[in-house]
Amino acid sequence: MAKTKFTLTSYDPVYVVAEEVRIPEDVIEQQAINWLNYNIAKDGEEAKLTDAWVATHCEDFNSVEELLIFIRYNMYRDNREIQELADQNVVCAELATRLVEDLPEDLVEESTFAANMRLEEMINRQGMDIEMFCAARGISEEQLRSDTRQRAIQSLREDAALDAWAQHAGYTLEAEDFYAIIPGDNIDDKAYKRRQIEMDGRLEQMEEYALKTKALKEVMENAMIKRKATDTEWLRYGDTSRDVLNANKQFPDNFITL
């Protein structure tokens with residue numbers, strides 16, 4: 001069957017409100033206690049999250065709030081990958097609204113079937129069946145299947161939108177484009193794995209994925225985002241991502257008002 005050619009209504013940058021992924025305050029406070037117990041408290045001593053205890057025991061912090069600012073900074077810095085994935089989800093969902101063509105029904109059914117199989121495997125690994133899984137979440141099996149189908153369709157739409165972007169851009173692939181989708185500890189490791197994949201005759205099978213990944217990179221770099229709907233300025237993601245994803249630099253007030 002011939003490959004479907006997808007197109008978009010526009011190839012202009014995507015504009016979205018992409019909210020920060022917030023870490024619950026109680027989780028931050030627990031991390032602060034863990035940090036004090038591990039780094040400050042002496043053997044047999046239990047750390048207390050009070051101004052008096054922090055000021056007495058810590059050289060660098062005079063209050064709980066000063067300590068929490070430090071803990072928030074590190075947790076949000078380590079939270080970068082989660083934030084980046086959340087941003088991608090919002091941007092790709094908006095890009096998918098520009099898709100012109102309907103998804104082929106056979107592709108939808110194939111994807112839905114595969115999604116249901118993955119769901120059942122995940123449930124079985126937890127030692128449950130569908131009925132037990134639904135009961136634990138207070139939903140019907142019909143609702144579970146419907147939600148799974150909708151997620152599969154949305155994933156297909158986003159995938160098709162990236163495919164449309166790649167076709168429109170007319171990308172060609174270089175070795176570096178494959179490195180982006182090949183796991184590895186460093187560039188030499190990735191290069192070795194790429195050569196092995198090519199020798200095995202599997203490189204061509206990866207081309208479509210590599211093209212979509214290249215499209216995603218361009219879409220994200222040019223996306224215009226706000227962290228709040230009330231923000232007055234749009235930020236180009238590619239220009240500001242380091243500061244946008246490093247919350248304490250771009251939005252220092254959040255580290256006091258969280």
Side-chain angles (χ1 to χ4, degrees), residues 14-93 126 176 179-193 213 216-217 219-258:
V14 175
Y15 283 73
V16 295
V17 176
E19 295 183 357
E20 287 180 84
V21 176
R22 295 300 186 93
I23 302 172
E25 186 67 14
D26 59 342
V27 174
I28 293 173
E29 291 179 358
Q30 184 58 55
Q31 181 66 14
I33 293 173
N34 294 342
W35 186 88
L36 289 172
N37 280 322
Y38 183 79
N39 294 283
I40 304 298
K42 298 178 181 178
D43 290 342
E45 185 179 26
E46 184 175 348
K48 297 180 180 179
L49 200 60
T50 64
D51 288 340
W53 200 96
V54 170
T56 301
H57 292 77
C58 299
E59 293 183 6
D60 298 323
F61 309 112
N62 296 312
S63 67
V64 170
E65 188 54 38
E66 288 185 6
L67 171 63
L68 291 180
I69 289 172
F70 166 75
I71 296 297
R72 289 188 190 107
Y73 164 74
N74 283 284
M75 291 186 75
Y76 273 89
R77 181 193 62 192
D78 296 339
N79 205 47
R80 175 179 176 130
E81 183 177 354
I82 295 174
Q83 180 69 64
E84 192 170 39
L85 290 173
D87 294 338
Q88 288 178 6
N89 286 340
V90 175
V91 170
C92 287
Q126 296 180 17
E176 291 76 10
Y179 297 158
I181 63 173
I182 297 174
D185 296 328
N186 52 56
I187 194 66
D188 292 333
D189 186 24
K190 288 172 176 280
Y192 171 76
K193 290 178 180 177
T213 301
L216 175 62
K217 181 179 179 181
V219 169
M220 290 303 300
E221 285 181 348
N222 291 294
M224 304 296 290
I225 72 166
K226 290 181 180 180
R227 287 305 183 195
K228 303 175 188 174
T230 54
D231 289 344
T232 58
E233 184 179 359
W234 290 98
L235 305 172
R236 181 179 177 274
Y237 199 80
D239 291 339
T240 63
S241 61
R242 288 182 180 83
D243 286 336
V244 169
L245 296 175
N246 192 343
N248 81 303
K249 288 183 180 179
Q250 187 67 30
F251 304 100
D253 290 344
N254 287 347
F255 287 84
I256 298 174
T257 59
L258 270 176

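It should be emphasised that the depicted structure is a prediction, and the values quoted were computed from it without experimental measurement. These numbers come from the heavy atoms of this one structure, side chains and all, not from hydrogens, waters or symmetry mates.
Residues forming a side chain to side chain contact (heavy atoms under 4.5 Å, CB included) with Lys48 (at least two apart in sequence, or on another chain): Thr50, Trp53. Evaluation of the side chain to side chain contact (heavy atoms under 4.5 Å, CB included) rule for Asn34 yields Gln30, Gln31 as partners, not counting sequence neighbours. Applying the side chain to side chain contact (heavy atoms under 4.5 Å, CB included) test to Ala55 and every residue at least two apart in sequence or in another chain returns nothing. Looking at residues two or more places apart in sequence or on another chain, you find a side chain to side chain contact (heavy atoms under 4.5 Å, CB included) between Leu49 and Glu29, Ala32, Ile33, Leu36, Val64, Leu67. The side-chain hydrogen bond (donor to acceptor under 3.5 Å, both in side chains) check on Asp51 picks up nothing, with sequence neighbours excluded.
With values rounded to the nearest 0.5 angstrom, Asn74 atom CG is found 12.5 Å from Ile69 atom CD1. Note that CE of Met224 is 13.5 Å distant from OH of Tyr237, once rounded to the nearest 0.5 Å. Taking CD of Glu84 as the start and CG of Asn89 as the end, the distance is 11.0 Å to the nearest 0.5 Å. In this structure, CD in Glu221 is found 10.0 Å from CG in Leu216, a value given to the nearest 0.5 Å.
Note on ring orientation: taking the six-membered ring where Trp is involved, the planes of Trp35 and Phe61 are perpendicular (angle over 60°, cut-offs 30° and 60°).
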Margin query: Would Ile28 and Glu25 count as a side chain to side chain contact (heavy atoms under 4.5 Å, CB included) here? Give the steps.
Written below: CA-CA 5 Å; Ile28 293 173; Glu25 186 67 14; 3.9 Å; yes
Item checked: Steps toward side chain to side chain contact (heavy atoms under 4.5 Å, CB included) verdict (Arg227, Leu235) -> CA-CA 9 Å; Arg227 287 305 183 195; Leu235 305 172; 5.7 Å; no
Checklist line | CA sep, side-chain torsions, deciding dist, call: Thr213, Lys217, side chain to side chain contact (heavy atoms under 4.5 Å, CB included) | finding: CA-CA 6 Å; Thr213 301; Lys217 181 179 179 181; 6.0 Å; no
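Nearest heavy atom pair, residue Ala47 against residue Ala41, reads N-CB, 4.3 Å. Counting all heavy atoms, side chain and backbone alike, Val27 lies closest to Met75 at CG1-CE, 3.9 Å.
Between Gln88 and Leu85 the shortest side-chain heavy-atom distance falls below 4.5 Å.
Side chain of Gln83 to backbone of Val21: a donor-acceptor contact under 3.5 angstrom is found. Judged by distance alone, with hydrogens and angles left aside, the side-chain atoms of Arg236 form no donor-acceptor pair with the main-chain N or O of Ala223 at under 3.5 Å.
For residues 37-47, the pairs satisfying side chain to side chain donor-acceptor pair (under 3.5 Å) are Glu45-His57, with sequence neighbours left out.
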